[in-house]
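Just below is one structure, and these are the notes that go with it.
Computed over heavy atoms, backbone and side chain alike; hydrogens, waters and symmetry mates excluded.
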Amino acid sequence: MSEAEKVRIETKDVIAFVASEYAEAFDPAWFSPDSWGDRAEPVSAGGRGSAWFVLRPERDWVLRHYRRGGRMARFNERAYFYSGEGNVRSFSEFQILQDMAGMGLPVPRPIAAGYRRQGLFYSASIIVERLTDVVPLGELLRGGEDSSDIWARVGRVLRQFHDAGVFHADLNCFNILVGKDKVYLIDFDRGEFRQSSIVAGTGWKERNLSRLKRSAVKLLEKEGAIQQHFSEFWATLLAAYRE
């Protein structure tokens with residue numbers, strides 16, 4: 001990634017990477033939903049209470065706070081052990097998003113990523129552009145609006161990312177956004193580039209696909225029934241992926 005694409009800014013409250021076009025206007029308050037007032041709307045689908053749509057005169061943004069799960073969340077859901085700036089989760093996600101956008105992959109463009117040190121720990125946030133006219137795949141599943149065409153499009157996009165060596169650490173139905181002309185992947189926390197094997201769909205790629213399938217099945221079970229044609233739709237995804 002070219003250093004010209006981002007600017008490192010350090011203030012008394014936050015250390016941030018900011019996309020160069022927004023560097024002059026940057027304000028550390030961007031990372032606080034309270035600072036946006038009623039222009040910050042909680043994300044209901046897949047946000048887990050830690051993401052907000054930020055409404056702006058130009059293009060809207062999405063603000064997300066990194067939040068722990070599991071046992072550690074009982075003590076402090078936003079604290080991560082600090083082991084150097086190179087391991088800060090928001091910085092890592094910002095960088096991989098810029099890299100993927102530069103490769104032409106369908107992802108949201110990163111605006112800013114920041115973290116705050118608190119002794120041995122840090123908390124982190126990221127802001128990305130909001131994608132418009134898209135619906136999470138999970139919402140389509142819930143509403144029964146999915147189709148063979150949608151699953152084929154998802155399969156082709158996943159192959160595109162895998163061919164580029166992109167590993168998505170949490171590939172689930174709500175991290176795939178379906179638009180009229182494009183399918184996007186979002187939320188690349190802990191995502192990384194991995195060596196691409198010669199045969200598509202093997203190793204980490206196969207595990208990635210299996211994770212998505214488990215996500216879809218779990219969602220459908222939660223809604224009360226396995227969709228009758230899900231096996232057919234999944235076969236359509238795999239066929240498109242392996243084209």
_Heavy-atom donor-acceptor pair, S90 side chain to I126 backbone, under 3.5 Å_ = no
*Find out if a path of hydrophobic residues (ILVMFWY) with successive side-chain heavy-atom gaps under 4.5 Å connects F174 to V134.*
no
_Between F167 and R207, is the side-chain contact (heavy atoms from CB on, under 4.5 Å) condition met? List the steps._
CA-CA 10 Å; F167 169 75; R207 292 191 293 272; over 6 Å; no
*Is there a donor-acceptor pair closer than 3.5 Å between any side-chain N or O of Q98 and the backbone N or O of E5?*
yes
_With side-chain contact (heavy atoms from CB on, under 4.5 Å) as the criterion, how do V88 and Y122 come out once you've worked through the C-alpha distance, each side chain's angles and the decisive distance to 0.1 Å?_
CA-CA 8 Å; V88 169; Y122 75 94; 3.8 Å; yes
*Considering all heavy atoms, the nearest E232-S148 contact*: OE2-OG, 4.0 Å
*Residue list, side chain to side chain donor-acceptor pair (under 3.5 Å) with R8, at least two apart or on another chain*: E10, E85
*By side chain to side chain contact (heavy atoms under 4.5 Å, CB included), which residues pair with S92, not counting sequence neighbours?*
none
*asked:* Quick check: do H65 and S123 have side-chain heavy atoms less than 4.5 Å from each other?
replied: no
_With salt bridge (charged side-chain N to carboxylate O under 4.0 Å, His left out) as the criterion, how do K218 and E221 come out once you've worked through the C-alpha distance, each side chain's angles and the decisive distance to 0.1 Å?_
CA-CA 5 Å; K218 182 178 180 180; E221 287 177 338; over 6 Å; no
*What closest approach, in Å, do R78 and A124 show between heavy atoms, and which atom pair accounts for it?*
NH2-O, 3.0 Å
*Going only through I, L, V, M, F, W and Y residues with side-chain contacts under 4.5 Å, is there a path from L137 to L238?*
yes
*S215 side-chain N/O to C173 backbone N/O, donor-acceptor pair under 3.5 Å*: yes
*asked:* Using the side chain to side chain donor-acceptor pair (under 3.5 Å) criterion, which residues pair with E93? Sequence neighbours excluded.
replied: R64, Y66
*Kindly work out whether a path of hydrophobic side-chain contacts (I/L/V/M/F/W/Y, heavy atoms less than 4.5 Å apart) joins L141 to V217.*
yes
_Qualifying residues under side chain to side chain donor-acceptor pair (under 3.5 Å), relative to S83, sequence neighbours excluded_ = N87
*List in chain and number order the residues that pass salt bridge (Lys or Arg N to Asp or Glu O under 4.0 Å) with R156, two or more places apart in sequence or in another chain; answer none if no residue qualifies.*
none
*Quickly, which of F53, W52, Y22 forms a ring pair (Phe, Tyr, Trp, His ring centres under 6.0 Å) with W61? Name it, please.*
Y22
*Mark yes or no for whether D187, through its side chain, and D170, through its backbone, hold a donor-acceptor pair below 3.5 Å.*
no
*asked:* Show the nearest heavy-atom pair for residues F26 and A16, with the distance to one decimal.
replied: CZ-CB, 3.8 Å
*Looking only at non-hydrogen atoms, find the nearest pair between A113 and F94 and report the distance.*
CB-CB, 3.7 Å
_Under the rule for salt bridge (Lys or Arg N to Asp or Glu O under 4.0 Å), what residues qualify as partners of R89, not counting sequence neighbours?_
D189
_D149 atom CG: more than 12 heavy-atom contacts under 6.0 Å_ = yes
*Please report the closest heavy-atom contact between P110 and V128, naming both atoms and the distance.*
CA-CG1, 4.1 Å
*Pick from R159, Q160, H162: which one makes a side-chain hydrogen bond (donor to acceptor under 3.5 Å, both in side chains) with Y241?*
H162
*Using the rule that two of Ile, Leu, Val, Met, Phe, Trp, Tyr join whenever any of their side-chain heavy atoms come within less than 4.5 Å, decide whether L105 and V62 are in one cluster.*
yes
*Should N172 and L219 be marked as a side-chain contact (heavy atoms from CB on, under 4.5 Å) after you check the CA-CA gap, both sets of side-chain angles, and the distance that decides it?*
CA-CA 10 Å; N172 64 59; L219 175 63; over 6 Å; no
*asked:* Please find the pair of heavy atoms, one from F31 and one from G114, that lie closest to each other, and give the distance.
replied: CZ-N, 3.5 Å
Sequence neighbours left out, cut at 3.5 Å: what donor-acceptor pairs do the side chains of residues 33-43 make with other protein atoms?
residue	atom	partner	partner atom	Å
S35	OG	A29	O	2.5
S35	OG	S32	O	2.7
W36	NE1	W30	O	3.0

*asked:* Please enumerate all residues that pass salt bridge (Lys or Arg N to Asp or Glu O under 4.0 Å) together with R109, with sequence neighbours excluded.
replied: E21, E129
*Pairing residues for F91 by the ring pair (Phe, Tyr, Trp, His ring centres under 6.0 Å) criterion, not counting sequence neighbours*: F17, Y115
Kindly list each side-chain donor-acceptor pair under 3.5 angstrom involving residues 177-185, sequence neighbours excluded, with atom names and distances?
none

*For D27, what residues pass the salt bridge (Lys or Arg N to Asp or Glu O under 4.0 Å) criterion, not counting sequence neighbours?*
none
_Going by the rule side chain to side chain donor-acceptor pair (under 3.5 Å), which residues pair with E192 if we only count those two or more places apart in sequence or in a different chain?_
R194
*Taking the six-membered ring for Trp and the single ring otherwise, decide whether the centroids of F161 and H168 are under 6.0 Å apart.*
no
*Are L97 and I186 connected in a single hydrophobic cluster, I mean Ile/Leu/Val/Met/Phe/Trp/Tyr linked by side-chain heavy atoms less than 4.5 Å apart?*
no
*Step-by-step side-chain contact (heavy atoms from CB on, under 4.5 Å) determination, V54 to R56*: CA-CA 6 Å; V54 177; R56 303 173 64 250; 4.0 Å; yes
